[in-house]
There are 2 protein chains.
Amino acid sequence: MMRPFTKLLSLEDAETIMLKSVRQVERKEEISIGDVGGRVLAREIVSDMDVPPFDRSAMDGFAVRAEDTFPAGKFDPVELRVVGKSLAGHPSGAVVKNEECIEIATGAKLPDGVDAIVKVENTEVTDDTVKIFAPVHPGQDVSKRGEDIKAGQSVMKPGAYLDPSNVGVAAALGIEKLSVFERPTVAIVPTGAEVAPPGADLQEGQVYDINTYTLSQVALLNGCTPRPWGIVLDELEALRKALHEALSEDLVLFSGGSSVGETDILVDILKERGEILFHGIQVKPGKPTLCGEVDGKLVVGMPGYPASCLTNAYTLLAPVLRKMARVPPENERHMDVPISRRVVSSLGRLQLLTVRIEEEEAVPVYKESGAITSLADADGYIEIPINTELVEKGEIVRVKLFRPV
Amino acid sequence: MMRPFTKLLSLEDAETIMLKSVRQVERKEEISIGDVGGRVLAREIVSDMDVPPFDRSAMDGFAVRAEDTFPAGKFDPVELRVVGKSLAGHPSGAVVKNEECIEIATGAKLPDGVDAIVKVENTEVTDDTVKIFAPVHPGQDVSKRGEDIKAGQSVMKPGAYLDPSNVGVAAALGIEKLSVFERPTVAIVPTGAEVAPPGADLQEGQVYDINTYTLSQVALLNGCTPRPWGIVLDELEALRKALHEALSEDLVLFSGGSSVGETDILVDILKERGEILFHGIQVKPGKPTLCGEVDGKLVVGMPGYPASCLTNAYTLLAPVLRKMARVPPENERHMDVPISRRVVSSLGRLQLLTVRIEEEEAVPVYKESGAITSLADADGYIEIPINTELVEKGEIVRVKLFRPV
């Protein structure tokens, strides 16, 4: 009745297969500039204007003709007549002639006739004249029109991730709406008579559904929109119907029903509709992961045990979701610290051992793979390679962090 | 007309003052388990149940009385009668006696009378009996009731950050709604006649409003909800009214109007209503930052120049927003690489120099402080200390990353 795993893949190979098979989202939508943060640009932005749109002052001071200041010195100032004032948003209409200048504020437009700014620290005002105590060169403290962005320039390509700076670039051009890729959707289908939704009375042998909620968070944090399904029984017709419906989303996750005993139906249904890419990974926890492709979409059977499910979601699924959503991979955050005690691992499988950082040591918190608290208590995990049986106390290990410590 | 900065604070001191003055959000709300990701728990969670709620199998195999298996060996199996089957969610009603066992799946409830699991790999089924080829000890491959969480146990304290694992812990207890702290709100008030909203026709001397959009993103990414205001003129009555209204939010940001020339009105209004904490920071870019406290709330005048404003938002504001929202600080992400060319810095100010990572070198991309593209093109920044005038080509610098590279 129970079919064994035929061939276990390495975690790396499993990830390579999934990354190769997943399709990037192509659907686009228009989003207003206030809401585009974290989205991915779908259409190139070519500037239709210069930024800044005019020569402007980079300092508070006086806008001058530079040549008028050349003779100026600390003890021998040049005196210029102040013929106007240019504030940011309130440009001066004055045309500045020889021996004249205007008062100007940071960001304000330069009037015609001037080519440099003397900063206020080097001046002294008396009535309608100003003494200049240092010479300036043409262009000094002037931000030239188009210095930041030029009209006709391509400022952002499709695929650009809209972090705060890139949002700022779009705002600089006065763009109200941007064409971005839709967030891909992820169907999350909990399976099995053993799981019950939050708030329900547990029947004998039942536990609460955890994976729907942890997987939803992982989807959200990796650029996707989770679409949680109701609980589906591990029965042929029910699963077949659920798969059919869930294929309306961009990727389908089944959780539960992927251990040897329960997974056979899902394997059969995947074979009916598409193909199996792999079944079983040489990793602990997380071995019973199943992955297939149906209608060009990935269908993944996640391990039923919550800690295994979430560990696989972090290590295997997150990069796949990011590629689908076109968001850049996260920088890995890690720290190298000694391990607090000797750990024995099983040969033949990569072990992901959850640890807590305590007094600059990695303290193993691994319990059974069903224990969600083994992840909640952990700050990250270490990888014990397939061919390593023993990690000695005090050995330096690389902790890949789930969270800041 | 222009008052100089009286005393410049170091960036560190400015941050210390802000972190000391900011108040953490106290308002709570109830949120359903599917939507609590990234929020902060406001009420302790004490478990009212054991998790798992029953002894269950950690393996696919056979549930046995361990002592029956003691004589078993590789060439000398013990034969037991199979009297039932326990699947996850479908427990067996059988009571197992001596020399009996039941077939059991991972996650399924153990029936009365058994105390260990023999995994399927060590068995061979024949009709209604099974041969056991290896002995097991009592408790082997059994997850005991309450092994993960015990009834009465405190599983999460107020202040816990609801990352995927912690959401999983709440889900394990079947909790439908959690009490979490509200996301604090941040009023973002653009000021000055020189800024125009997206889509508007620019008047002479105007530029588009950038800071509202970059600051909104920084607020969102640091646990807060941005509340963008309309553009307010740099005039006494208009700013007074805007401040009064904006104090309905938890923190107020003015953007623009904080250079020497324009900021005086804001300084005066802050003094009317509360007190000035500091004005001016020894940092480049970002010097003209103003911070006051009114009615126990921070009011910050951000630099008007977009790159200065965003740099200060990353370095100074983000930790303050996180503290207000009670979300944990972000792990700093950095890399140590040689700098691609010699850089001259101004003595007397900490300089934040934006750089791009290119072929494992830090390449300066700093333009004028108004240039938003200097941030969009950058991967991070290096700090040039106050007393350093020169960084030589090839020197190793620490790049603090804005984004993955």
Side-chain angles (χ1 to χ4, degrees), chain A residues 2 33-34 37 52-53 58 60 88-91 105-107 109 120 143 148-149 163-169 171-172 174-176 192-194 198-199 202 204-208 210 213-214 216-218 220 259-261 304 306 310 328-331 333 368 370-373 375-376 403-404, chain B residues 2 33-34 37 52-53 58 60 88-91 105-107 109 120 143 148-149 163-169 171-172 174-176 192-194 198-199 202 204-208 210 213-214 216-218 220 259-261 304 306 310 328-331 333 368 370-373 375-376 403-404:
Chain A
M2 298 167 185
I33 180 88
D60 290 335
H90 297 289
T106 307
K109 184 174 190 282
V120 69
S143 300
D148 198 355
I149 298 168
D163 63 4
S165 324
N166 278 337
V167 170
V169 169
I175 297 172
E176 286 180 275
E194 72 273 28
L202 290 184
E204 202 195 345
Q206 279 193 320
V207 293
Y208 285 114
I210 297 178
Y213 303 95
T214 53
S216 291
Q217 290 312 316
V218 172
L220 270 176
S259 83
V260 180
L310 182 52
E330 266 205 307
N331 260 12
R333 309 178 198 202
E368 53 142 358
I372 185 69
T373 50
L375 275 177
R403 57 175 72 159
Chain B
M2 299 167 184
I33 180 88
D60 290 334
H90 298 288
T106 307
K109 184 173 190 282
V120 68
S143 299
D148 199 354
I149 298 169
D163 64 3
S165 325
N166 278 338
V167 170
V169 169
I175 298 172
E176 285 180 277
E194 74 272 27
L202 290 184
E204 202 195 345
Q206 279 194 321
V207 292
Y208 285 113
I210 297 178
Y213 303 95
T214 54
S216 292
Q217 290 312 315
V218 172
L220 271 176
S259 83
V260 179
L310 182 52
E330 265 205 308
N331 261 12
R333 309 177 198 203
E368 54 142 358
I372 185 68
T373 50
L375 275 177
R403 57 174 73 158

Mind checking the NZ-CD spacing from B:K109 to A:Q206? Nearest 0.5 Å is all I need.
12.5 Å

In sequence, state the C-alpha distance, the side-chain angles, and the governing distance for A:S165 and B:L310, and then conclude on side-chain contact (heavy atoms from CB on, under 4.5 Å).
CA-CA 8 Å; A:S165 324; B:L310 182 52; 3.9 Å; yes

List the atom of A:A193, the atom of B:A88, and the distance in Å for their closest heavy-atom pair.
CB-O, 4.5 Å

Heavy atoms of A:D148 and B:I372 approach each other most closely as OD2-N, 2.8 Å

What pair of heavy atoms forms the shortest contact from B:A171 to A:I210, and how long is it?
CB-CA, 3.9 Å

Provide the closest heavy-atom pair for A:V207 versus B:P53 in the form atom of the first, atom of the second, distance.
CG1-CD, 3.6 Å

Which of A:G199, A:G174, A:P91, A:G37 touches chain B most, by non-hydrogen pairs under 4.5 Å:
A:G174

Heavy-atom pairs under 4.5 Å with chain A: which of B:N166, B:V218, B:D163 has the most?
B:D163

Counting heavy-atom pairs under 4.5 Å to chain B, which of A:L220, A:I175, A:I33 comes out on top?
A:I33

Work out which heavy atom in A:A376 is nearest to a heavy atom in B:V169; give both atom names and the distance.
CB-CG2, 3.3 Å

I need the residue from A:S216, A:G107, A:A172 with the largest number of non-hydrogen atom pairs under 4.5 Å to chain B.
A:A172

Tell me the closest heavy-atom pair linking A:Q217 and B:P164, and the distance in Å.
CB-CG, 3.8 Å

